[in-house]
Number of protein chains: 2
Amino acid sequence: MARARAQRNATITDVAREAQVSIKTVSRVFNDEPNVRPATRDKVRAVAKDLDYHPNAAARSLAGRRTHLLGLAYGSVSPNYVYDIQKGAAARLEADRYRLVVMPFVEGEEAPARMRALARTSAVDGLVLVPPLGDDAATLAAIEQSGLPYVRIAPTRGESRAPDVSMDDRAAVDDVVAHLAALGHRRIAIVRGRPNHSSTAIRFAAFKESLERRNLAYRAELSVEGDYTFASGLEAGRQLLALAEPPSAIFASNDDMAAGVLSAAHEAGVAVPRRLSIVGFDDSTIAQVVWPRLTTIHQPTCDMAHAAVDALLALIQGRPSPAHIVLPHRLIDRGSTAAAADAAAEPAL
Amino acid sequence: MARARAQRNATITDVAREAQVSIKTVSRVFNDEPNVRPATRDKVRAVAKDLDYHPNAAARSLAGRRTHLLGLAYGSVSPNYVYDIQKGAAARLEADRYRLVVMPFVEGEEAPARMRALARTSAVDGLVLVPPLGDDAATLAAIEQSGLPYVRIAPTRGESRAPDVSMDDRAAVDDVVAHLAALGHRRIAIVRGRPNHSSTAIRFAAFKESLERRNLAYRAELSVEGDYTFASGLEAGRQLLALAEPPSAIFASNDDMAAGVLSAAHEAGVAVPRRLSIVGFDDSTIAQVVWPRLTTIHQPTCDMAHAAVDALLALIQGRPSPAHIVLPHRLIDRGSTAAAADAAAEPAL
DNA sequence: TTGTACGCGTTATCAT
DNA sequence: ATGATAACGCGTACAA
């Protein structure tokens, strides 16, 4: 049989005519609404398939006032993090009913204005804010005011009516310190993250508290600022290892920096973990491709994104959902930590 | 002054009424069409700003028959690659006129059917195909038939009417072999990529030819299959280093695998680059975070994505653009390669 | 359970 | 240079 040249895509009207029902009935069928007799439903589906009918996305958006698009907004974060977030988010987007629009923001760009425009043009139905974007007051205010539904991943600042998904950073950092302390480390350094990421302050404060709790002194010279990049970790590592009295363990606030510290150790000929223990944070893929592999905190990034989209869809569709979701973390002990070399030499307590 | 509660977003009609022109004129202004007097244009813009008018995306799509959305379709590729691609693509999307929809395909999923649906629902204006999706015949056929504009990044198979952006893999591989040969290496191994990626065959064939060209023997036992993952590189490295006569240099078909080989060397206590040289491919971020850093081929991934979007927009907007774009690569000599240890010991030629 | 008629907010056609 | 009016294809009151 000759394939009819499709001059024009079949519309809902065509299906209605062919199936001898009204367009409303076709609409009901395609939106899984009740009150359609099974026979009618089947008939409509059959005709639709025959005509290769697919509802037009734009028309749906216009009439239905929703785009079936979700925006994923993020600023400067590592490739692995973005990848995991997208993977988790995509997993929750049931096949083709919703789609993900990526919106990378370069630092310093006018995020609030773009957010407003986004809402005013009805370009997306909702927004997932990845840190540190979810902590920016101006951006947040713009979105709040626009009325666009949104959820935040791992926010640390700013109260909002929106749901958020996170993990317990404080507890995780305490796990790190506990782990190192148990190995006999007493000179523990920290490489902090980028100053404007609020997670930086959280993790740093938790670090100090955890030390205190174990009667370990916090020393300012063992605290170095980084910016969550590998390069900054490398620099911080060099700095710490050049100290007259270098630390026996270094906690980097994320894996990229931990890998940088590791490279600094390699450079300096410091054996890891024999002479230096290193702990990261995130369990991003980099943690498993360096040598030795990094002991780190597993952050459930994929699951967090999944949960975030879940909450966002609930918000959009008017279903109830928890305001705060906290997902479990865990410390993964790989090869980059070991007992302190000087543990035996030093007098206990 | 009291902020008027925006009951309803301002529409083109509101602007037209307020500016005392027709809606068509407003439309002209917002679409940068000619034939509008400067004075009229200014007036319209002023009113629009006053009313905080933003054209509705859905209405535009419906009436204009284009969504201003570009799909980025990809299968199983590394996080760094995806990240670079998105970054490059986003850079070409002039602020907010076009947006990027990410479409990850899990292996074995019915890509052709989803592509057809995509086209029939007019969900996107065009598609960027990231390898190896652009090499799949069925997927390609589905898109071709649908008439959806698309471009392919680094395709290796299948003729199509669509433009493509790539680099010269063969030449790049030859650069690698030349580099190693110049360092005195004669036992050079290769870790191949995933079998169903056609780049794998290309790079492998080029490798063999390059050896021959230099009168270096190709040895089957020095060719190991991987799948472009770190884990497969690790395994391949173990295998090669366990050989009675291990290679003095290993070329891995991408950086992830090269990093895996490097870890295998660390495990085995083989000094890199003193006893073993390693070369990667791609220059993804992993190349700079392992120790030593990887000598590798810089693949201009960002630029390729940029060029791809450029070509796609040209296609969509009916502008001319080259059918094939080849971007330059270069070998980056970092720390993972050095003169062969046995170069002096072995008789020349 | 099904249908009618209108509205969504734009772009496109064709006239003036 | 500008305008009137018809699509665009679907969702949704409301009626039957």
Side-chain angles (χ1 to χ4, degrees), chain A residues 6-44 47-48 51-68 97 117 119-123 125 316-317, chain B residues 6-45 47-48 51-69 97 119-123 125 316-318:
Chain A
Q7 304 284 7
R8 189 177 64 83
N9 284 347
T11 72
I12 196 171
T13 314
D14 299 329
V15 177
R17 180 174 11 81
E18 212 70 20
Q20 311 193 32
V21 296
S22 73
I23 63 167
K24 176 60 197 171
T25 298
V26 179
S27 175
R28 285 200 181 90
V29 171
F30 273 84
N31 290 295
D32 292 316
E33 284 174 36
N35 295 337
V36 181
R37 252 188 313 181
T40 311
R41 186 178 299 272
D42 292 346
K43 168 89 181 201
V44 169
V47 170
L51 265 45
D52 191 27
Y53 166 73
H54 293 257
N56 178 285
R60 279 194 141 166
S61 301
L62 183 57
R65 293 161 172 285
R66 68 201 123 104
T67 62
H68 289 281
R97 281 209 57 90
R120 290 293 279 96
T121 57
S122 302
D125 291 345
I316 291 172
Q317 296 162 359
Chain B
Q7 305 285 6
R8 190 177 62 84
N9 284 346
T11 71
I12 196 171
T13 314
D14 300 328
V15 176
R17 180 174 10 81
E18 212 69 20
Q20 311 195 34
V21 296
S22 75
I23 61 170
K24 178 59 194 171
T25 299
V26 178
S27 176
R28 285 197 182 93
V29 171
F30 274 84
N31 289 293
D32 292 317
E33 283 175 36
N35 295 339
V36 181
R37 252 188 314 179
T40 311
R41 186 177 299 271
D42 293 346
K43 170 91 182 200
V44 169
R45 287 229 179 273
V47 171
L51 265 44
D52 191 28
Y53 166 73
H54 292 257
N56 179 284
R60 278 196 141 164
S61 301
L62 182 57
R65 295 159 170 288
R66 70 203 123 98
T67 61
H68 290 281
L69 291 176
R97 280 209 57 89
R120 290 294 279 98
T121 57
S122 303
D125 291 346
I316 292 171
Q317 295 162 0

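Just so we're clear, the structure is a prediction, and the values are computed from it rather than from any experiment. A, B, ... follow the sequence lines: proteins, then strands. Residue 1 opens every chain. Side-chain atoms are counted along with the backbone in the values below, which use heavy atoms only and exclude waters and symmetry mates.
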Go through the structure and list residues passing side chain to side chain contact (heavy atoms under 4.5 Å, CB included) with A:I12, not counting sequence neighbours.
-> A:I23, A:V26, A:S27, A:Y53
Contact class for A:N35 vs. all strands (heavy atom < 4.0 Å): base, sugar-phosphate, or nothing?
-> base
Closer to the 5' end of DNA chain D via nearest nucleotide, is it B:L62 or B:R41?
-> B:R41
Between A:T40 and A:V36, is there a donor-acceptor pair closer than 3.5 Å when you use the side chain of the first and the backbone of the second?
-> no
Whether each nucleotide of nucleotides 11-16 of chain D has a protein heavy atom under 4.0 Å at its base (B), only at its sugar-phosphate (S) or at neither (-) is summarised, 5' to 3', as BBB---
Consider the side chain of B:T25, meaning its heavy atoms from C-beta on, and name the nucleotide among D:dG9, D:dT2, C:dT4 that approaches it most closely.
-> D:dT2
Please check if any side-chain donor atom of B:N31 sits under 3.5 Å from a side-chain acceptor atom of B:R60, or the reverse.
-> yes
Pairing residues for A:H68 by the ring-ring contact (aromatic ring centres under 6.0 Å, His included) criterion, not counting sequence neighbours | A:Y98
Could you check whether B:T40 gets within reach of a base, just the sugar-phosphate, or nothing at all, counting any heavy atom under 4.0 Å?
-> sugar-phosphate
Are the side chain of B:D14 and the backbone of B:T11 linked by a donor-acceptor contact shorter than 3.5 Å?
-> yes
Proximity to the side chain of B:T13 - top-ranked nucleotide from C:dT10, D:dT2, C:dT2 | C:dT10
Side-chain N or O of B:T11 closer than 4.0 Å to phosphate OP1/OP2 of C:dG9 = no
Separation of atom CZ in A:R17 from atom C1' in C:dG3, rounded to whole Å | 17 Å
Just how far, in rounded Å, is C1' of D:dC10 from CG of A:N9?
-> 14 Å
In whole angstrom, give the distance that lies between atom CZ of B:R65 and atom P of D:dA7.
-> 12 Å
Identify which nucleotide among C:dT2, C:dG9, D:dG3 has an atom closest to any side-chain atom of A:R37, counting heavy atoms from C-beta outward.
-> C:dT2
Whole-Å distance, A:H54 NE2 to D:dC10 C1', equals 16 Å
Between D:dA7 atom P and A:N56 atom CG, what is the distance in whole Å?
-> 17 Å
Is the closest basic N to carboxylate O distance between A:E33 and A:K24 below 4.0 Å?
-> yes
To the nearest 0.5 Å, how far apart are CG in B:L51 and CZ in B:R17?
-> 8.0 Å
